[in-house]
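Here is the structure we will look at, set down as structure tokens.
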Amino acid sequence: MPPRSKSPWRAIGLVSVISSYIVGGVVTGMLIGRFLDNMLGTEPILLIAFLLLGLGSGFYGVFKVVQPYLGDDDS
């Protein structure tokens, strides 16, 4: 559903949600990857894999949040 008003606070909220999705995904992927690398002894492999998975999940979350705002501006 597209937004009804063009409030600057709504834009600030949207930007903060987008940045938290990306940063949260990257940090979570990095922490999980480092933890598993230390446990299994596979130094950079799992860190890179989970970092990419976190980045992908962050961008997927951003896409889902921004999807209602995408569309034609006929109204």
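No continuous path of hydrophobic side-chain contacts links L51 to I48 [ILVMFWY only; heavy atoms under 4.5 Å]. Under a hydrophobic clustering in which Ile, Leu, Val, Met, Phe, Trp and Tyr are joined whenever their side-chain heavy atoms come within less than 4.5 Å, directly or via other members, L70 and I22 fall into the same cluster. The hydrophobic clustering, which links ILVMFWY residues whose side-chain heavy atoms are closer than 4.5 Å, places V62 and L55 together. In the hydrophobic clustering of this structure, V15 does not group with V66; members are Ile, Leu, Val, Met, Phe, Trp, Tyr whose side-chain heavy atoms approach within less than 4.5 Å, directly or through other members. Linking Ile, Leu, Val, Met, Phe, Trp and Tyr residues whenever their side-chain heavy atoms come within less than 4.5 Å places F59 and Y69 in a single cluster.
In this structure, L31 CG and L47 CG are separated by 9.5 Å, a value rounded to the nearest 0.5 Å. For the atom pair CD1 of I45 and CZ of F50, the computed distance is 12.5 Å after rounding to the nearest 0.5 Å. Here the straight-line distance linking atom CG of L53 with atom OG of S57 works out to 7.5 Å at 0.5 Å rounding.
By the side-chain contact (heavy atoms from CB on, under 4.5 Å) test, V65 is found to be paired with L14, V17, Y21, residues two or more places apart in sequence or in another chain being considered.
The side chain to side chain donor-acceptor pair (under 3.5 Å) analysis of residues 45-54, with sequence neighbours excluded, yields no pairs. Among residue pairs with one or both ends in residues 35-55, those qualifying as side chain to side chain donor-acceptor pair (under 3.5 Å) are D37-T42; sequence neighbours excluded.
A donor-acceptor contact shorter than 3.5 Å is absent between the side chain of T28 and the backbone of G25.
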